[in-house]
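Below is one structure, written out as C-alpha coordinates; the observations come after it.
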Amino acid sequence: MDLQGRNLLKETDLTAEEFRYLVDLGAQFAVAKHLGQRSGRLAGRNIALIFEKASTRTRSAFEVAAHDEGGHVTYLSPEDSHLGHKESVKDAARVLGRMFDGIEFRGFAQESAEILGAFAGVPVWNGLTDQWHPTQMLADILTMREHAGKPLDRVSYCYLGDGRNNTANSLLVTGALLGLDVRICAPDELWPAPETCDIARSLAARSGASLTVTADTAGAVRGADFLYTDVWLSMGEPEENWDKRIDLLLPYQVNAAMMAATGNADVKFLHCLPALHNADTEIGQRILGSRGLAGLEVTDDVFESPASVVFDQAENRLHTIKALMVATIGQLA
Ligand code: CP
Ligand code: NVA
(Lines give C-alpha, C1' and ligand atoms only; values in the text may rest on other atoms or scores of the structure.)
(Ligands and ions follow the chains in the order given, each with its own letter.)
Protein backbone atom coordinates (compact mmCIF):
# COMPACT_ATOMS: atom_id res chain seq x y z
CA MET A 1 0.00 0.00 0.00
CA ASP A 2 1.58 3.29 -1.06
CA LEU A 3 -0.02 6.46 0.31
CA GLN A 4 3.02 8.71 -0.21
CA GLY A 5 2.04 12.23 -1.17
CA ARG A 6 -1.65 11.78 -0.43
CA ASN A 7 -4.01 14.21 1.30
CA LEU A 8 -6.62 13.32 3.91
CA LEU A 9 -9.18 16.12 3.61
CA LYS A 10 -12.23 13.90 4.12
CA GLU A 11 -12.88 10.18 4.47
CA THR A 12 -13.72 9.75 0.79
CA ASP A 13 -10.11 10.59 -0.06
CA LEU A 14 -9.37 7.00 1.01
CA THR A 15 -10.61 3.66 -0.25
CA ALA A 16 -11.86 1.20 2.35
CA GLU A 17 -8.61 -0.77 1.92
CA GLU A 18 -6.50 2.35 2.46
CA PHE A 19 -8.54 3.33 5.51
CA ARG A 20 -8.13 -0.13 7.03
CA TYR A 21 -4.42 -0.08 6.21
CA LEU A 22 -3.95 3.16 8.19
CA VAL A 23 -5.87 1.69 11.13
CA ASP A 24 -3.68 -1.44 11.01
CA LEU A 25 -0.56 0.70 10.91
CA GLY A 26 -1.86 2.72 13.86
CA ALA A 27 -2.37 -0.55 15.79
CA GLN A 28 1.25 -1.52 15.06
CA PHE A 29 2.48 1.87 16.20
CA ALA A 30 0.45 1.53 19.42
CA VAL A 31 2.27 -1.70 20.23
CA ALA A 32 5.64 -0.13 19.43
CA LYS A 33 4.88 2.89 21.61
CA HIS A 34 3.89 0.68 24.54
CA LEU A 35 7.13 -1.28 24.12
CA GLY A 36 9.00 2.01 24.32
CA GLN A 37 10.32 1.65 20.77
CA ARG A 38 11.16 4.84 18.93
CA SER A 39 12.03 5.24 15.34
CA GLY A 40 13.02 7.85 12.83
CA ARG A 41 10.33 7.40 10.24
CA LEU A 42 9.75 11.17 10.08
CA ALA A 43 13.40 12.16 10.52
CA GLY A 44 14.16 15.34 8.61
CA ARG A 45 10.47 16.03 7.98
CA ASN A 46 9.00 19.44 8.80
CA ILE A 47 5.33 19.60 9.58
CA ALA A 48 3.09 22.70 9.81
CA LEU A 49 0.17 22.60 12.23
CA ILE A 50 -2.42 25.25 11.37
CA PHE A 51 -5.12 25.71 14.00
CA GLU A 52 -7.93 28.23 13.52
CA LYS A 53 -9.81 26.51 16.38
CA ALA A 54 -8.73 25.22 19.79
CA SER A 55 -7.47 21.67 20.29
CA THR A 56 -6.11 19.45 23.02
CA ARG A 57 -5.95 15.98 21.42
CA THR A 58 -5.37 16.71 17.75
CA ARG A 59 -2.54 19.16 18.27
CA SER A 60 -0.92 16.97 20.92
CA ALA A 61 -1.26 13.86 18.76
CA PHE A 62 0.39 15.52 15.76
CA GLU A 63 3.18 16.98 17.89
CA VAL A 64 3.96 13.84 19.90
CA ALA A 65 3.64 11.57 16.87
CA ALA A 66 6.06 13.74 14.92
CA HIS A 67 8.54 13.93 17.79
CA ASP A 68 8.35 10.17 18.41
CA GLU A 69 9.44 9.63 14.82
CA GLY A 70 12.09 12.34 14.66
CA GLY A 71 10.05 15.00 12.84
CA HIS A 72 9.71 18.70 13.60
CA VAL A 73 6.51 20.71 13.95
CA THR A 74 5.65 24.40 13.66
CA TYR A 75 2.37 25.54 15.22
CA LEU A 76 0.58 28.38 13.44
CA SER A 77 -2.45 29.98 15.10
CA PRO A 78 -4.54 32.82 13.64
CA GLU A 79 -2.83 35.17 16.11
CA ASP A 80 0.66 34.51 14.83
CA SER A 81 0.19 33.95 11.11
CA HIS A 82 -1.27 36.04 8.30
CA LEU A 83 -3.56 33.25 7.17
CA GLY A 84 -7.06 34.54 6.55
CA HIS A 85 -6.25 38.12 7.64
CA LYS A 86 -4.03 39.46 4.90
CA GLU A 87 -2.95 36.34 3.09
CA SER A 88 -5.28 34.04 1.21
CA VAL A 89 -5.32 30.33 1.89
CA LYS A 90 -4.16 29.75 -1.69
CA ASP A 91 -1.09 31.95 -1.25
CA ALA A 92 -0.28 30.48 2.16
CA ALA A 93 -0.59 26.98 0.68
CA ARG A 94 2.00 27.77 -1.96
CA VAL A 95 4.37 29.30 0.59
CA LEU A 96 4.06 26.59 3.23
CA GLY A 97 4.33 23.88 0.59
CA ARG A 98 7.79 25.23 -0.32
CA MET A 99 8.96 24.83 3.27
CA PHE A 100 7.10 21.96 4.88
CA ASP A 101 6.76 18.29 4.03
CA GLY A 102 3.20 18.04 5.37
CA ILE A 103 0.50 20.39 6.66
CA GLU A 104 -2.23 19.77 9.22
CA PHE A 105 -5.20 22.13 9.04
CA ARG A 106 -7.93 22.59 11.65
CA GLY A 107 -10.42 25.31 10.89
CA PHE A 108 -13.85 26.42 9.91
CA ALA A 109 -14.38 26.05 6.17
CA GLN A 110 -13.80 22.71 4.46
CA GLU A 111 -13.00 24.83 1.42
CA SER A 112 -9.85 26.10 3.14
CA ALA A 113 -8.66 22.53 3.64
CA GLU A 114 -9.46 21.76 0.01
CA ILE A 115 -7.54 24.82 -1.23
CA LEU A 116 -4.54 23.92 0.92
CA GLY A 117 -4.73 20.38 -0.42
CA ALA A 118 -4.91 21.57 -4.01
CA PHE A 119 -2.11 24.15 -3.89
CA ALA A 120 0.42 23.13 -1.22
CA GLY A 121 2.01 20.36 -3.28
CA VAL A 122 2.60 18.39 -0.07
CA PRO A 123 0.16 16.21 1.89
CA VAL A 124 -2.52 18.12 3.79
CA TRP A 125 -4.40 16.46 6.65
CA ASN A 126 -7.73 17.76 7.90
CA GLY A 127 -7.57 18.00 11.68
CA LEU A 128 -11.29 19.03 11.78
CA THR A 129 -13.39 21.46 9.83
CA ASP A 130 -17.04 22.40 10.25
CA GLN A 131 -17.84 19.53 7.88
CA TRP A 132 -15.51 16.59 8.54
CA HIS A 133 -13.20 15.11 11.17
CA PRO A 134 -11.35 12.34 9.33
CA THR A 135 -8.35 11.85 11.63
CA GLN A 136 -10.83 11.26 14.47
CA MET A 137 -12.33 8.43 12.44
CA LEU A 138 -9.05 6.55 12.17
CA ALA A 139 -8.81 6.53 15.97
CA ASP A 140 -12.48 5.66 16.40
CA ILE A 141 -12.30 2.66 14.10
CA LEU A 142 -9.12 1.43 15.80
CA THR A 143 -10.88 1.77 19.17
CA MET A 144 -13.91 -0.14 17.91
CA ARG A 145 -11.65 -2.86 16.58
CA GLU A 146 -9.97 -3.15 19.98
CA HIS A 147 -13.20 -3.22 21.98
CA ALA A 148 -15.84 -4.82 19.79
CA GLY A 149 -14.94 -8.43 20.51
CA LYS A 150 -15.98 -9.29 16.95
CA PRO A 151 -14.80 -8.60 13.39
CA LEU A 152 -15.05 -4.95 12.43
CA ASP A 153 -17.44 -5.64 9.53
CA ARG A 154 -20.02 -6.93 12.03
CA VAL A 155 -19.87 -3.83 14.24
CA SER A 156 -22.83 -1.52 14.75
CA TYR A 157 -22.61 1.94 16.24
CA CYS A 158 -25.18 4.55 17.07
CA TYR A 159 -24.31 8.23 17.24
CA LEU A 160 -26.75 10.32 19.30
CA GLY A 161 -26.82 14.13 19.36
CA ASP A 162 -26.13 16.82 16.79
CA GLY A 163 -26.46 14.62 13.73
CA ARG A 164 -25.07 17.14 11.28
CA ASN A 165 -21.85 18.20 12.92
CA ASN A 166 -18.38 17.21 11.70
CA THR A 167 -18.15 14.10 13.89
CA ALA A 168 -21.60 12.83 12.91
CA ASN A 169 -20.95 13.45 9.19
CA SER A 170 -17.67 11.62 9.41
CA LEU A 171 -19.13 8.70 11.37
CA LEU A 172 -21.89 8.26 8.80
CA VAL A 173 -19.54 8.30 5.84
CA THR A 174 -16.83 6.20 7.53
CA GLY A 175 -19.25 3.43 8.46
CA ALA A 176 -20.64 3.55 4.93
CA LEU A 177 -17.14 3.28 3.46
CA LEU A 178 -16.20 0.32 5.67
CA GLY A 179 -19.49 -1.57 5.45
CA LEU A 180 -20.64 -1.20 9.06
CA ASP A 181 -24.08 -0.80 10.63
CA VAL A 182 -24.34 2.95 11.33
CA ARG A 183 -27.22 4.71 13.02
CA ILE A 184 -27.43 8.48 13.36
CA CYS A 185 -30.03 9.39 15.93
CA ALA A 186 -31.04 13.05 16.19
CA PRO A 187 -34.10 15.27 16.07
CA ASP A 188 -35.14 15.95 12.45
CA GLU A 189 -33.71 19.46 12.35
CA LEU A 190 -30.27 18.15 13.26
CA TRP A 191 -30.12 15.37 10.67
CA PRO A 192 -27.17 15.17 8.32
CA ALA A 193 -27.50 17.25 5.14
CA PRO A 194 -28.97 15.46 2.11
CA GLU A 195 -25.59 15.71 0.31
CA THR A 196 -23.88 13.91 3.20
CA CYS A 197 -26.53 11.17 3.13
CA ASP A 198 -26.06 10.85 -0.64
CA ILE A 199 -22.31 10.33 -0.24
CA ALA A 200 -22.94 7.73 2.47
CA ARG A 201 -25.61 5.94 0.43
CA SER A 202 -23.44 5.61 -2.63
CA LEU A 203 -20.59 4.21 -0.50
CA ALA A 204 -22.97 1.80 1.22
CA ALA A 205 -24.18 0.50 -2.14
CA ARG A 206 -20.64 -0.77 -2.69
CA SER A 207 -19.69 -1.78 0.86
CA GLY A 208 -22.96 -3.32 2.02
CA ALA A 209 -23.17 -0.93 4.98
CA SER A 210 -26.49 -0.53 6.77
CA LEU A 211 -27.37 3.15 7.28
CA THR A 212 -30.11 4.57 9.49
CA VAL A 213 -30.93 8.20 10.20
CA THR A 214 -33.76 8.46 12.69
CA ALA A 215 -35.21 10.49 15.55
CA ASP A 216 -36.33 7.33 17.37
CA THR A 217 -33.84 6.56 20.13
CA ALA A 218 -35.24 3.16 21.13
CA GLY A 219 -35.00 1.76 17.61
CA ALA A 220 -31.64 3.41 16.94
CA VAL A 221 -29.76 2.06 19.94
CA ARG A 222 -31.21 -1.46 19.99
CA GLY A 223 -28.46 -4.04 19.58
CA ALA A 224 -25.71 -1.44 19.09
CA ASP A 225 -22.14 -2.37 20.04
CA PHE A 226 -21.20 1.26 20.64
CA LEU A 227 -23.07 4.42 21.61
CA TYR A 228 -21.22 7.54 20.52
CA THR A 229 -21.97 11.16 21.27
CA ASP A 230 -20.30 14.55 20.85
CA VAL A 231 -20.70 18.03 22.26
CA TRP A 232 -24.13 19.53 21.54
CA LEU A 233 -22.73 22.89 20.41
CA SER A 234 -19.64 22.68 18.25
CA MET A 235 -16.76 25.13 18.03
CA GLY A 236 -17.79 28.17 16.04
CA GLU A 237 -21.51 27.92 16.83
CA PRO A 238 -23.02 30.89 18.72
CA GLU A 239 -23.13 30.44 22.49
CA GLU A 240 -26.68 31.78 22.58
CA ASN A 241 -27.78 28.55 20.88
CA TRP A 242 -27.06 26.51 24.02
CA ASP A 243 -30.56 26.69 25.47
CA LYS A 244 -32.33 25.66 22.29
CA ARG A 245 -29.80 22.90 21.67
CA ILE A 246 -30.26 21.53 25.19
CA ASP A 247 -34.04 21.49 24.74
CA LEU A 248 -33.66 19.66 21.44
CA LEU A 249 -31.04 17.15 22.51
CA LEU A 250 -31.84 16.23 26.09
CA PRO A 251 -33.89 13.22 24.92
CA TYR A 252 -30.74 12.03 23.11
CA GLN A 253 -28.46 12.19 26.14
CA VAL A 254 -26.37 9.07 26.66
CA ASN A 255 -27.29 8.02 30.18
CA ALA A 256 -27.66 4.69 31.97
CA ALA A 257 -31.16 4.18 30.55
CA MET A 258 -29.91 4.78 26.99
CA MET A 259 -27.06 2.29 27.49
CA ALA A 260 -29.55 -0.25 28.88
CA ALA A 261 -31.92 0.34 25.95
CA THR A 262 -29.33 -1.21 23.63
CA GLY A 263 -30.15 -4.56 25.24
CA ASN A 264 -26.43 -5.28 24.92
CA ALA A 265 -24.71 -5.91 28.25
CA ASP A 266 -21.34 -5.34 26.54
CA VAL A 267 -22.20 -2.03 24.89
CA LYS A 268 -19.33 0.46 25.00
CA PHE A 269 -19.38 4.25 25.10
CA LEU A 270 -17.38 6.46 22.73
CA HIS A 271 -16.88 10.23 22.60
CA CYS A 272 -14.33 12.18 20.56
CA LEU A 273 -13.90 14.55 23.56
CA PRO A 274 -13.94 17.14 25.01
CA ALA A 275 -17.12 16.08 26.85
CA LEU A 276 -19.50 18.00 29.09
CA HIS A 277 -20.25 15.20 31.57
CA ASN A 278 -20.03 17.17 34.81
CA ALA A 279 -19.78 20.75 36.08
CA ASP A 280 -15.96 20.81 36.26
CA THR A 281 -15.66 23.18 33.31
CA GLU A 282 -16.63 26.83 32.76
CA ILE A 283 -19.41 25.84 30.38
CA GLY A 284 -20.48 23.00 32.67
CA GLN A 285 -20.70 25.41 35.62
CA ARG A 286 -22.74 27.89 33.62
CA ILE A 287 -25.21 25.27 32.42
CA LEU A 288 -25.51 23.78 35.89
CA GLY A 289 -26.43 27.28 37.10
CA SER A 290 -28.87 28.11 34.30
CA ARG A 291 -30.44 24.69 33.64
CA GLY A 292 -29.62 22.58 36.69
CA LEU A 293 -27.89 19.99 34.50
CA ALA A 294 -24.53 18.59 35.54
CA GLY A 295 -24.04 16.39 32.49
CA LEU A 296 -25.13 17.23 28.95
CA GLU A 297 -24.49 14.87 26.04
CA VAL A 298 -23.42 12.13 28.47
CA THR A 299 -24.01 11.67 32.16
CA ASP A 300 -21.06 11.37 34.50
CA ASP A 301 -21.97 7.81 35.55
CA VAL A 302 -21.76 6.57 31.94
CA PHE A 303 -18.63 8.61 31.18
CA GLU A 304 -16.84 7.16 34.22
CA SER A 305 -18.22 3.63 33.84
CA PRO A 306 -16.24 0.56 32.74
CA ALA A 307 -18.21 0.70 29.47
CA SER A 308 -16.55 4.00 28.60
CA VAL A 309 -13.50 3.59 26.37
CA VAL A 310 -13.02 7.29 25.67
CA PHE A 311 -9.44 7.49 26.92
CA ASP A 312 -8.33 4.54 24.79
CA GLN A 313 -10.05 6.39 21.95
CA ALA A 314 -8.16 9.61 22.78
CA GLU A 315 -4.83 7.77 22.95
CA ASN A 316 -5.53 6.19 19.59
CA ARG A 317 -5.47 9.67 18.04
CA LEU A 318 -1.71 9.56 18.59
CA HIS A 319 -1.11 6.17 17.01
CA THR A 320 -3.37 6.71 14.01
CA ILE A 321 -2.16 10.25 13.29
CA LYS A 322 1.36 8.85 13.41
CA ALA A 323 0.28 6.21 10.89
CA LEU A 324 -1.19 8.89 8.64
CA MET A 325 1.93 11.06 8.68
CA VAL A 326 4.34 8.16 8.25
CA ALA A 327 2.32 6.64 5.40
CA THR A 328 2.01 9.92 3.52
CA ILE A 329 5.35 11.66 4.12
CA GLY A 330 7.55 9.26 6.10
CA GLN A 331 9.74 6.26 5.57
CA LEU A 332 8.13 2.91 6.21
CA ALA A 333 11.11 0.64 6.88
N1 CP B 1 -11.35 15.03 19.53
C2 CP B 1 -10.67 16.14 19.20
O3 CP B 1 -10.48 16.49 18.03
O4 CP B 1 -10.17 16.80 20.28
P5 CP B 1 -9.45 18.22 20.27
O6 CP B 1 -10.47 19.25 19.88
O7 CP B 1 -8.92 18.40 21.65
O8 CP B 1 -8.33 18.19 19.25
N1 NVA C 1 -18.11 18.63 17.03
C2 NVA C 1 -17.03 19.09 17.87
C3 NVA C 1 -15.88 18.17 17.79
C4 NVA C 1 -14.74 18.51 18.71
C5 NVA C 1 -13.59 17.56 18.59
C6 NVA C 1 -16.64 20.50 17.48
O7 NVA C 1 -16.51 20.77 16.29
O8 NVA C 1 -16.48 21.34 18.38
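Both counts, for ligands and for their atoms, begin at 1 and track the order of listing. Keep in mind that what you see is a predicted model, and the values were worked out from it rather than measured. Only this structure's heavy atoms are used, side chains among them; waters, hydrogens and symmetry mates stay out.
- For atom 7 (O) of ligand 1, the nearest protein heavy atom (residue, atom name, distance) is T56 N, 2.6 Å.
- Under 4.0 Å from ligand 1, the heavy atoms of Q136 that appear belong solely to its side chain.
- For atom 4 (O) of ligand 1, the nearest non-hydrogen atom of the protein is R57 NE, 2.8 Å.
- Against a heavy-atom cut-off of under 4.0 Å, C272 is close to the following atoms of ligand 1: 1 (N).
- Every atom of ligand 2 with a heavy atom of V231 under 4.0 Å away is listed here by number and element: 2 (C).
- The closest protein non-hydrogen atom to atom 2 (C) of ligand 1 is R317 NH1, 3.2 Å.
- Geometrically, R59 engages Y75 in a cation-pi contact, judged by NZ or CZ lying under 6.0 Å from the ring centre and within 45° of the ring axis.
- By the 3.5 Å distance cut-off applied to N or O atoms, K53 is not counted among the residues near ligand 2.
- For ligand 1, the atoms lying closer than 4.0 Å to a non-hydrogen atom of L273 are 1 (N), 2 (C), 4 (O).
- In summary, the atoms of ligand 2 found under 4.0 Å from a heavy atom of S234, numbered by their order in the structure, are 1 (N), 2 (C), 6 (C), 7 (O), 8 (O).
- With rounding to the nearest 0.5 Å, the separation of CD in Q285 from CG in L288 is 6.0 Å.
- Exactly one of R154, K150, K268 qualifies for a salt bridge (Lys or Arg N to Asp or Glu O under 4.0 Å) with D225. That residue is K150.
- With ligand atoms numbered from 1 in the order given, ligand 2 contributes 1 (N) to contacts under 4.0 Å with heavy atoms of N165.
- At the top of the distance list for atom 6 (O) of ligand 1, counting protein heavy atoms only, stands R106 NH1, 2.8 Å.
- Checking only distances, D230 does come within under 3.5 Å of ligand 2, N or O to N or O.
- Between V122 and I329 the shortest side-chain heavy-atom distance does not fall below 4.5 Å.
- The backbone of L273, and not its side chain, has at least one atom closer than 4.0 Å to an atom of ligand 2 (non-hydrogen atoms only; backbone = N, CA, C, O).
- From R183, atom CZ reaches atom OG1 of T217 across 12.5 Å, with rounding to the nearest 0.5 Å.
- Note that the SG atom of C185 and the CG atom of L190 stand 11.5 Å from one another [nearest 0.5 Å].
- Taking every heavy atom of L128 and a limit of under 4.0 angstrom, the matching atoms of ligand 2 come to 3 (C), 4 (C), 5 (C), 7 (O).
- Taking every non-hydrogen atom of M235 and a distance limit under 4.0 Å, the qualifying atoms of ligand 2 come out as 6 (C), 7 (O), 8 (O).
- Side chains of D300 and H277: a donor on one and an acceptor on the other come within 3.5 Å.
- For the 3.5 Å distance criterion, the side chains of E297 and H271 qualify, holding a donor opposite an acceptor.
- At a cut-off of 3.5 Å, with distance as the only test, a side-chain donor of D230 or T167 sits close to an acceptor on the other residue.
- For the residue pair H67 / E63, no side-chain donor-acceptor distance below 3.5 Å is found, with atom types taken as modelled.
- Polar contact with ligand 2: absent for R106 (N/O pair, distance under 3.5 Å).
- Between F269 and F226, a ring centre-to-centre spacing not shorter than 6.0 Å is recorded.
- Nearest protein heavy-atom neighbour of atom 7 (O) of ligand 2: N166 ND2, 2.9 Å.
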